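Numbering of ligands and ligand atoms starts at 1, following listing order. The structure displayed is predicted, hence computed values, not measured ones.
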Amino acid sequence: MSRFWSPFVKDLVPYVPGEQPKLQRLVKLNTNENPYGPSPRALEAMRAELNDSLRLYPDPNGERLKNAVAAYYGVTPNQVFVGNGSDEVLAHAFHGLFQQELPLLFPDITYSFYPVYCNLYGVKFETVALDEGFQIDVADYARPNGGIIFPNPNAPTGRLLPLQAIERLLQSSPDSVLLVDEAYIDFGGQTAIGLVDRYPNLLVTQTLSKSRSLAGLRVGIAVGHPELIEALERIKNSFNSYPLDRLAIAGAAASFEDREHFERTRQAVIGNRQVLVAGLERLGFEVLPSTANFVFARHPGQDAATLAATLREQGIIVRHFRQARIEQFLRITVGTPEQNQALLEALHTL
Ligand code: PMP
């Protein structure tokens, strides 16, 4: 610890991202990347940007991307915000959209970046326990709050809430922002974006890192009422006016325009998930119903930390969390049929 650090920095407990190993031959099923790669049209659009125009700053508003998102979802561009990964979009939301007087509510088992942002931006929060089935019960959130956030489907459980439940919550909490983090929505869920015109307190975030296979490009979006978007723009313009570079704007826009690649690859992941779940169940695992590109599974007779370590020795990485109630679970990204088979075979011999 340096004597030059401010007390504020000394107290920061940062988010710890999943391992990004250098070895390519590993079967990497730990950070929910997409095995199928981005749209060829996105790659083409980025190649077309690799020229002298890189000496110029990008469009600070990312209009080309906002227009593509607006067209894709049938909203207007002023209902769209774009940022450097949904993590950055979330950071701006934590910075300025939640009230300070009452606590922000989120599940006790959820994306572990939320408490980190709360601590960074001084947002009071309370966690709400998931039910016995590791599901969010929206009735538990129907009380005065400074905002509500959860992923749908939730992470790392993979469990989905139906839109009716989200709408019930919007009706019971009309005076604070509900942020639905749809990082994994494209793998079988129904987006809440269709509700933003009716509920001015709803903000939906999505990422291009999962279903669009562009984790390395770092692009996330938010869709909501123009006033919420305007707040995010103010914060962004007080922080970094150019969060998206020229390649990211072009590639992400083209990704939204290529519906065929998107449909085909997400259906492939959904199909692979079914095979993976069936294989794990045959090996005696209990697998939570998943609507994401990962599954959350535990074995009644085997210790999860030991399983993860043993798989690691065999070159297969999965994610294990040392958190109460879920320490016996493994979170396994849905890979290609070959990767999933390698995992199942390794588990079979353990
Ligand atoms: N929300 C959830 C629930 C996630 O799991 C992730 C990925 N770790 C993110 C947001 C952030 O994704 P990205 O910054 O790559 O858009």
How far is atom 8 (N) of ligand 1 from the closest protein heavy atom, and which atom is that? Tyr111 OH, 3.3 Å
Does a side-chain N-to-carboxylate-O contact under 4.0 Å join Glu44 and Arg41? no
Does Arg325 CZ have over 12 foreign heavy atoms under 6.0 Å away? yes
Could you list which atoms of ligand 1 come closer than 4.0 Å to a heavy atom of Gly85? 14 (O), 16 (O)
Identify the closest protein heavy atom to atom 11 (C) of ligand 1: which residue and atom is it, and at what distance? Asp87 OD1, 3.1 Å
Say whether Tyr15, considering both its backbone and side-chain N or O atoms, lies within less than 3.5 Å of an N or O atom on ligand 1. no
If you draw a 6.0 Å radius around CZ in Arg322, do more than 12 non-hydrogen atoms from other residues or ligands fall strictly inside? no
Ring pair (Phe, Tyr, Trp, His ring centres under 6.0 Å) pairs, two or more places apart, involving residues 209-258: Tyr57-Tyr242, Tyr72-Phe256, His92-Phe239
Atoms of ligand 1, numbered as shown, that sit under 4.0 Å from any heavy atom of Ser209: 13 (P), 15 (O), 16 (O)
Ranked by distance from atom 5 (O) of ligand 1, the top protein heavy atom is Tyr184 OH, 2.7 Å
Please list the nearest protein heavy atom to atom 14 (O) of ligand 1 with its residue and the distance rounded to 0.1 Å. Arg218 NH2, 2.7 Å
Atom 7 (C) of ligand 1: the protein heavy-atom neighbour that sits closest, reported with distance to 0.1 Å: Lys210 NZ, 3.4 Å
Atom 12 (O) of ligand 1 has as its nearest protein heavy atom Ser86 OG, 3.2 Å
Starting from atom 3 (C) of ligand 1, locate the nearest protein heavy atom and write down its residue, its atom name and how far away it is, to 0.1 Å. Asp181 OD2, 3.4 Å
Cluster overlap Leu202 with Val80, hydrophobic side-chain contacts below 4.5 Å: yes
